[in-house]
Amino acid sequence: MRTLEGTTLTIGGDLTVHRLGFGAMRLTGEPAWLDRPTSIAIARRAVELGVTFIDTADAYDLGDNEKLLAEALHPYPPGMVIATKGGQINIGREWIPLGRPEYLRQQAELSLRRLRLDRIDLYQLHRIDPLVPLVDQIGALRRLQDEGKVRHVGLSEVTVEQLAEAEKITEIVSVQNRYNLTDRASEDVLEYCERRGIAFIPWLPVAPATKAGIADPITAVADRLGATSTQVALTWLLHRSPVMLPIPGTSSRAHLEENIAAASLPLSADDFAQLSAT
């Protein structure tokens, strides 16, 4: 099993990470994906394989996801970035934005405690709350920065216009929007991030149809390379943009190792063009 090698991305000018991260959401929650020892083992295996960027959120199982990562990895190895998010609550299957400044402060403080950190390297606004002025939401995160509790600020599921407005209040170093080979609705946001040197963290980096093996052009390239469709979809993202930082999540050790192997999968210019045309 080859580990991550080569390409890195520097977030905010000082956080250098490997360009294939890990989304931790599926390590906890209901229905219970895994028993806790297995979840801890998967988180540790990701680090063994070279992952240096792990994504979580306060809304993942009411904060237990953050607690599990601390249990598995603290004290964190040098260079490890645990990015978390606040500003959205999960009630059953319903996700509700909640961006009141006092709530964002409370959640950041709780995330610090659960992750056993003095400062969160990357704190992302999980969703923009349409009922709260954006300046108030970003302003709350800026104050956390000024107090040394948050190092860098990111956004999730935003438009170019919202991103540009937020940048007037504080530096935005990352954007986490849905994006994958067959869903490129955020192409304009990605292009803006490229111009500004902002890390683009695609959530749902592999579309369900791709995982099911029913996306024919992807399957054709995968067969030619002796890879899986999921690996091809991930390596396409890495080739698509130098600011791309995919965070595939899994509750399977085998799938984790398969995903990490995608970082070293060769993809020719012809393969990339064929896939991009899908």
Side-chain angles (χ1 to χ4, degrees), residues 4-23 51-55 79 81 83 85 121-128 134 138 141-142 145 151-207 210 217-218 221 231-249 259 262-278:
L4 290 176
E5 53 190 61
T7 309
T8 59
L9 171 66
T10 299
I11 304 170
D14 58 5
L15 299 177
T16 299
V17 298
H18 289 296
R19 285 185 57 217
L20 193 58
F22 177 68
V51 169
T52 54
F53 183 91
I54 296 179
D55 175 83
V81 174
K85 300 182 288 292
D121 281 332
L122 177 58
Y123 193 71
Q124 301 173 101
L125 183 61
H126 207 157
R127 289 293 186 276
I128 290 178
L134 181 61
I138 305 303
L141 303 187
R142 173 62 187 268
Q145 283 183 292
R151 188 172 188 172
H152 293 296
V153 170
L155 302 176
S156 182
E157 278 306 301
V158 293
T159 64
V160 169
E161 293 73 22
Q162 290 169 329
L163 176 52
E165 184 180 350
E167 285 187 297
K168 297 175 184 177
I169 304 164
T170 194
E171 180 184 12
I172 303 300
V173 304
S174 69
V175 168
Q176 192 166 334
N177 277 20
R178 189 178 65 189
Y179 186 91
N180 55 59
L181 180 52
T182 59
D183 178 1
R184 301 177 223 171
S186 288
E187 194 76 33
D188 59 337
V189 179
L190 171 58
E191 291 172 354
Y192 183 92
C193 288
E194 288 178 330
R195 295 193 297 270
R196 301 284 293 167
I198 297 170
F200 187 90
I201 307 169
W203 66 269
L204 195 66
V206 181
T210 302
I218 303 174
V221 172
Q231 288 175 318
V232 169
L234 289 172
T235 199
W236 179 86
L237 287 171
L238 294 172
H239 283 74
R240 168 60 187 84
S241 172
V243 301
M244 191 78 74
L245 176 54
I247 49 167
N259 291 342
S264 55
L265 186 69
L267 194 69
S268 70
D270 286 344
D271 287 337
F272 180 78
Q274 178 182 340
L275 292 167
S276 300
T278 59

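- Donor-acceptor pairing under 3.5 Å is recorded for the side chains of His152 and Asp14.
- Using a 4.5 Å heavy-atom cutoff, the side chains of Val189 and Tyr179 are not in contact.
- The side-chain heavy atoms of Leu9 and Pro242, taken from C-beta on, include no pair separated by under 4.5 Å.
- Applying the salt bridge (charged side-chain N to carboxylate O under 4.0 Å, His left out) test to every pair with at least one member in residues 183-197, sequence neighbours left out, gives these pairs: Glu167-Arg196, Arg178-Asp183, Glu187-Arg240, Glu194-Arg240.
- Between Thr8 and Thr16, the side chains place no donor N or O within less than 3.5 Å of an acceptor N or O (distance only, hydrogens not considered).
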Inset, instruction - Under the side chain to side chain contact (heavy atoms under 4.5 Å, CB included) rule, what do Thr170 and Leu141 come out as? Steps first, then yes or no, please. - result: CA-CA 9 Å; Thr170 194; Leu141 303 187; 5.8 Å; no

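- You'll find the side chain of Ile198 stays beyond 4.5 Å of the side chain of Val173, heavy atoms only.
- Under the 3.5 Å distance criterion, the side-chain polar atoms of Arg19 are matched with a main-chain donor or acceptor of Met244.
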Legend entry - Working for side chain to side chain contact (heavy atoms under 4.5 Å, CB included), residues Val158 and Val175: CA-CA 8 Å; Val158 293; Val175 168; 3.9 Å; yes

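- Val17 pairs with exactly one of Leu245, Asp121, Ile54 by the side chain to side chain contact (heavy atoms under 4.5 Å, CB included) rule, that one being Leu245.
- Counting only distance, with no hydrogens or angles, the side chain of Thr10 and the backbone of Gly13 share no donor-acceptor pair below 3.5 Å.
- Once rounded to the nearest 0.5 Å, the distance linking CG of Leu237 with CG of Leu190 reads 9.5 Å.
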Inset, instruction - Might you work through the ring-ring contact (aromatic ring centres under 6.0 Å, His included) test for Phe22 and Phe53, ending with a clear yes or no? - result: CA-CA 6 Å; Phe22 177 68; Phe53 183 91; over 10 Å; no

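- Taking CD of Gln176 as the reference point, atom CD1 of Ile201 lies at 5.0 Å (rounded to 0.5 Å).
- Separating the CD atom in Glu165 from the OG1 atom in Thr159 is a distance of 9.0 Å, to the nearest 0.5 Å.
- Put simply, CG on Leu238 and OG on Ser264 are 10.0 Å apart, with the number rounded to the nearest 0.5 Å.
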Legend entry - Verdict with reasoning, Leu125 to Val153, per side chain to side chain contact (heavy atoms under 4.5 Å, CB included): CA-CA 8 Å; Leu125 183 61; Val153 170; over 6 Å; no

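- In this structure the side chain of Val81 never reaches within 4.5 angstrom of the side chain of Ile11, judged on heavy atoms.
- Paired with Lys85 under the rule side chain to side chain contact (heavy atoms under 4.5 Å, CB included), one option of Leu122, Asp55, Leu155 passes, and it is Asp55.
- Taking all atoms of both residues into account, the shortest heavy-atom contact from Pro202 to Ile247 is O-CG1, 3.7 Å.
- Using a 30° and 60° split on the angle between ring planes, His239 and Phe272 fall in the tilted class, from 30° to 60°.
- Side chain to side chain, Ser156 and Trp203 fail the donor-acceptor criterion of an N or O pair below 3.5 Å.
- A 4.5 Å side-chain heavy-atom check between Cys193 and Leu163 finds at least one atom pair inside the cut-off.
- The two residues Gly21 and Pro248 make their nearest non-hydrogen contact at O-CD, 3.5 Å.
- For the atom pair CD of Gln274 and CG of Asp270, the computed distance is 8.5 Å after rounding to the nearest 0.5 Å.
- Side-chain atoms of Thr235 never come within 3.5 Å of backbone atoms of Gln231 as a donor-acceptor pair (strictly under, hydrogens ignored).
- Here CD1 of Ile172 is found 9.5 Å from OH of Tyr192. Values are rounded to the nearest 0.5 Å.
- Nearest heavy atom pair, residue Leu134 against residue Ala166, reads CD2-N, 4.2 Å.
- Arg127 places no side-chain N or O within 3.5 Å of a backbone atom of Glu157 that could act as its donor or acceptor partner.
- Side chain of Ser268 to main chain of Asp271: a donor-acceptor pair is present (N/O by atom type, distance under 3.5 Å, no hydrogens or angles).
- The closest side-chain heavy-atom distance from Trp236 to Ser276 is below 4.5 Å.
- With contacts defined as side-chain heavy-atom distances shorter than 4.5 Å, the pair Thr7/Leu20 does not qualify.
- Remark: the Thr182 side chain and the Asn180 side chain contain an N/O donor-acceptor pair separated by less than 3.5 Å.
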